[in-house]
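Reviewing the structure listed below.
Side chains included, hydrogens not; waters and symmetry mates left out as well; all remaining heavy atoms used.
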Amino acid sequence: MARIIYIETSTALCSTALSVDGRIVSERRDSERRHASLTAPFVKEMLDEQGLSVKDCDAVCVGMGPGSYTGLRVGVSTAKGLCFGAGIPMIAVGSLDTLVWQAIGRGLLPDGCRHIVPMIDARRMEVYTAVFSVDGTQITETEPKVVDAGSFSDILSEGPVLFIGDGASKCSPVLTSPNAFFVQACPEASSMLVPAEKKLAASLFEDTAYFEPFYLKEFVPTVPKRKVL
């Protein structure tokens, strides 16, 4: 039986899951941005709950981004540590893909929906996004996009479009088409199951030593305005 550990930390939600033979058997979630202190303990709790060790698993699947720089570093670092320690391969799934499969798997698509547009919040009116078909196929390249009234007008003219992600609700006052439907959600580890199972079956593994998250934009550190002497 295939066993996969899932880690998704690209947004405010710290999410882990464990699947056995294509079924999620355990999950953990926390939305308080405590990724560094909770990700590894969550994994241990799930494994202990099922009487398993990391070495009993076939792979670790990690959310590769785009998303929060710090969150992605925590998730990928944890995944690498588990893989190196147990000698098992690493699978990576994009955070936008996870949102798409979340929408598909949970029956969130409105009637007649033609496209899914996952949105990861990138501050102000910018989101990390791409357009997907309702079978999970990515149609456009992933990009940082400033959303305005004319955004996505081409696909909105064709029929219902689901916008899903932690950047969805802030775009709803701008995207006023009656064909626009919004679900505010963070990508969850359990929703990586379908793409991860496909990659495991095809042995599409990452190079654990050299793998880096998909940040999409360079990290720019900020300098505090008030310095402590």
Side-chain angles (χ1 to χ4, degrees), residues 3-20 24-99 101-102 118-123 128 165-167 169 184-193 196 206 208-228:
R3 303 183 179 103
I4 304 176
I5 298 167
Y6 304 86
I7 297 171
E8 225 304 331
T9 55
S10 63
T11 63
L13 182 68
C14 176
S15 175
T16 65
L18 176 67
S19 72
V20 176
I24 298 296
V25 296
S26 186
E27 293 183 70
R28 295 291 188 278
R29 301 182 189 85
D30 181 86
S31 58
E32 300 299 321
R33 294 186 181 275
R34 296 180 292 176
H35 302 47
S37 61
L38 291 179
T39 305
F42 276 176
V43 172
K44 185 177 187 305
E45 287 176 13
M46 294 188 306
L47 291 170
D48 288 348
E49 185 178 272
Q50 300 298 318
L52 299 171
S53 69
V54 181
K55 290 184 178 180
D56 294 322
C57 298
D58 297 280
V60 176
C61 177
V62 66
M64 64 182 289
S68 159
Y69 181 90
T70 302
L72 289 170
R73 295 301 295 180
V74 170
V76 169
S77 296
T78 304
K80 286 188 174 188
L82 294 170
C83 291
F84 277 128
I88 59 177
M90 185 168 71
I91 296 168
V93 172
S95 302
L96 298 181
D97 297 83
T98 300
L99 285 168
W101 284 104
Q102 208 159 299
M119 293 177 157
I120 298 289
D121 192 5
R123 298 184 181 181
Y128 301 132
D166 67 342
S169 65
Q184 182 73 7
C186 291
E188 297 188 24
S190 59
S191 294
M192 294 193 283
L193 186 147
E206 303 297 331
T208 305
Y210 295 101
F211 178 80
E212 289 291 331
F214 178 39
Y215 297 118
L216 193 57
K217 290 167 63 174
E218 291 294 326
F219 173 66
V220 180
T222 58
V223 178
K225 295 180 180 179
R226 182 178 297 177
K227 296 183 179 180
V228 178

Atom of G71, atom of H35 and distance for their closest heavy-atom approach: CA-CD2, 4.1 Å
Criterion salt bridge (charged side-chain N to carboxylate O under 4.0 Å, His left out) on R73 and E212, from CA distance to verdict: CA-CA 9 Å; R73 295 301 295 180; E212 289 291 331; 2.7 Å; yes
Results of salt bridge (Lys or Arg N to Asp or Glu O under 4.0 Å) for R33 - residues two or more places apart only: none
Salt bridge (charged side-chain N to carboxylate O under 4.0 Å, His left out) contacts touching residues 11-20 (sequence neighbours left out): none
Sub-4.5 Å side-chain heavy-atom contact between L96 and P66: yes
Those residues that, when tested against S15, pass side chain to side chain donor-acceptor pair (under 3.5 Å) (two or more places apart): none
Report all side-chain donor-acceptor pairs from residues 78-92 shorter than 3.5 Å, counting only partners two or more places apart or in another chain.
unit_1 : atom_1 : unit_2 : atom_2 : d
T78    : OG1    : V74    : O      : 2.8
K80    : NZ     : T208   : O      : 3.4
K80    : NZ     : A209   : O      : 3.4
K80    : NZ     : F211   : O      : 2.8

Partner residues of E45 under the side chain to side chain donor-acceptor pair (under 3.5 Å) criterion, sequence neighbours left out: R28
Candidate pair I24 and Y6, rule side-chain contact (heavy atoms from CB on, under 4.5 Å), full reasoning: CA-CA 10 Å; I24 298 296; Y6 304 86; 4.1 Å; yes
Nearest non-hydrogen partners of A185 and Q102, listed with the distance: CB-NE2, 4.0 Å
Nearest-0.5 Å distance that lies between atom CZ in R29 and atom CZ in F42: 10.0 Å
Those residues that, when tested against T9, pass side chain to side chain donor-acceptor pair (under 3.5 Å) (two or more places apart): none
Residues in side-chain contact (heavy atoms from CB on, under 4.5 Å) contact with Q184, at least two apart in sequence or another chain: D166, A168, S169
Any residue meeting side-chain contact (heavy atoms from CB on, under 4.5 Å) with L72, in chain and number order, not counting sequence neighbours: S10, P213, Y215
D56: side chain to side chain donor-acceptor pair (under 3.5 Å) partners, not counting sequence neighbours: S53
Closest non-hydrogen atom pair between L13 and C186, with its separation: CB-CB, 3.7 Å
Spacing of CG belonging to D97 relative to OG belonging to S191, to within rounding of 0.5 Å: 11.5 Å
Any residue meeting salt bridge (Lys or Arg N to Asp or Glu O under 4.0 Å) with D58, in chain and number order, not counting sequence neighbours: none
Atom of E8, atom of P187 and distance for their closest heavy-atom approach: OE1-CG, 3.7 Å
D121 and T11: CA distance, side-chain angles, deciding distance, side-chain contact (heavy atoms from CB on, under 4.5 Å) verdict: CA-CA 8 Å; D121 192 5; T11 63; over 6 Å; no
Separation of C57 SG from I5 CD1 (nearest 0.5 Å): 4.0 Å
side-chain contact (heavy atoms from CB on, under 4.5 Å) partners of V25, counting only residues at least two apart: L18, V20, R23, Q50
